[in-house]
Amino acid sequence: FKIHFPTLLYGVAYGILFFGSCFCGFRAMQRGPLGITSSLVAFSLVIPCVIGTVFFEETIGVFDVVGFILVAVAIVMMNRKKHAVSHHGTSSYHEEVKKDEKQPKFKKGWWIYVLGTIVCDGLHATIKTLHQRSYPGSYRYEFMCMGMLVGAIAFIFLMYKNRHIIKERGKERGVKCVVYGMIAGVANGVYNYLVLYLAGTESAMALFPIVSVATIAIGLLSGWIIFKERLNKIQICGVLIAAIAIFFIKI
């Protein structure tokens with residue numbers, strides 16, 4: 001571990017964008033259907049791909065174009081739900097499913113937060129690629145430490161600002177949030193480190209579509225195993241199309 005000033009700057013930029021992505025993502029899912037929101041956010045992969053083409057001379061072939069089109073189709077199909085359900089107040093997605101089976105209206109500000117999540121997601125993925133292009137295989141620990149530290153400080157500030165609201169929710173809920181947060185934090189740190197490592201070995205054009213589609217597919221599998229959710233025919237077709245899309249992008 002070394003103090004490397006350029007890496008610290010990259011890390012700070014990444015941490016700010018990571019915080020923005022999480023914050024906007026939470027807000028977006030409170031204001032609109034989960035499936036539609038997650039589908040649109042997944043299109044953030046377009047940003048690093050476009051930047052890679054424009055600034056890093058990564059070429060786009062016919063198979064790439066076909067692959068990207070299939071990625072878009074797969075993302076939409078894998079997030080297809082029988083009913084679109086929005087979040088109201090602090091109730092969970094599953095609670096809202098039981099209460100309301102009708103198509104809801106989007107809450108004010110939904111598009112703004114979705115767009116904010118897309119931009120932050122795409123840019124922080126680009127920051128990883130830029131860092132690893134400048135310093136291939138180096139300073140990954142320093143980058144991740146600085147990025148996550150900045151993100152953590154930003155969220156701690158939000159916790160302090162909303163301390164009265166948090167206190168009202170009770171100790172039991174607070175303990176659950178801490179436990180779930182720790183698990184999610186470790187998983188997120190490992191995920192981001194692996195993506196940072198791969199960013200130095202794969203072109204952004206191939207890497208980020210594969211990560212995006214694979215993440216959604218694994219999410220569907222987790223829902224089936226853990227929450228006993230069942231894939232409908234459209235989602236199954238989406239998984240198959242995703243596999244074909246990856247083939248076209250990597251060919």
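Taking the side chain as every heavy atom from C-beta outward, N188 and M148 approach each other to under 4.5 Å. Using a 4.5 Å heavy-atom threshold, the side chains of E142 and M146 count as separate. Side-chain contact between V114 and W110 is present, with at least one heavy-atom pair separated by less than 4.5 Å.
Nearest heavy atom pair, residue G122 against residue T126, reads O-OG1, 2.8 Å. Contact record, T7 with H131: OG1-NE2, 3.0 Å, taken as the closest heavy-atom pair.
Residues forming a side chain to side chain donor-acceptor pair (under 3.5 Å) with S21 (at least two apart in sequence, or on another chain): D121.
Between Y135 and H4, the ring center distance clears the sub-6.0 Å criterion.
Distance CG/L8 to CG/L149: 10.5 Å, rounded to 0.5 Å. Note: I153 CD1 to L158 CG = 13.0 Å, rounded to the nearest 0.5 Å.
W111 and L115 fall within the same hydrophobic cluster, where Ile, Leu, Val, Met, Phe, Trp and Tyr residues are linked whenever their side-chain heavy atoms come under 4.5 Å apart, directly or through other members. Taken together through direct or relayed side-chain contacts under 4.5 Å among Ile, Leu, Val, Met, Phe, Trp and Tyr, L9 and Y141 form parts of separate hydrophobic clusters. Hydrophobic clustering, with ILVMFWY side chains joined whenever heavy atoms are under 4.5 angstrom apart, groups V12 together with I3. At a threshold of 4.5 Å between side-chain heavy atoms, the hydrophobic network of Ile, Leu, Val, Met, Phe, Trp and Tyr places M144 and F155 in two separate groups. The hydrophobic cluster containing I127 does not contain F23, counting ILVMFWY residues as joined when their side-chain heavy atoms lie under 4.5 angstrom apart, directly or transitively.
The cationic group of R140 does not satisfy the cation-pi geometry with F143, failing either the under 6.0 Å distance to the six-membered ring centre or the 45° limit from the ring axis.
The backbone N or O of I118 lies less than 3.5 Å from no partner atom in the side chain of S44, so there is not a single donor-acceptor pair. Although no hydrogens or angles enter the test, the distance criterion places no donor-acceptor pair under 3.5 Å between the side chain of R133 and the main chain of L130.
Across Y14, F19, Y10, a single residue satisfies ring pair (Phe, Tyr, Trp, His ring centres under 6.0 Å) together with H124, and that is Y14.
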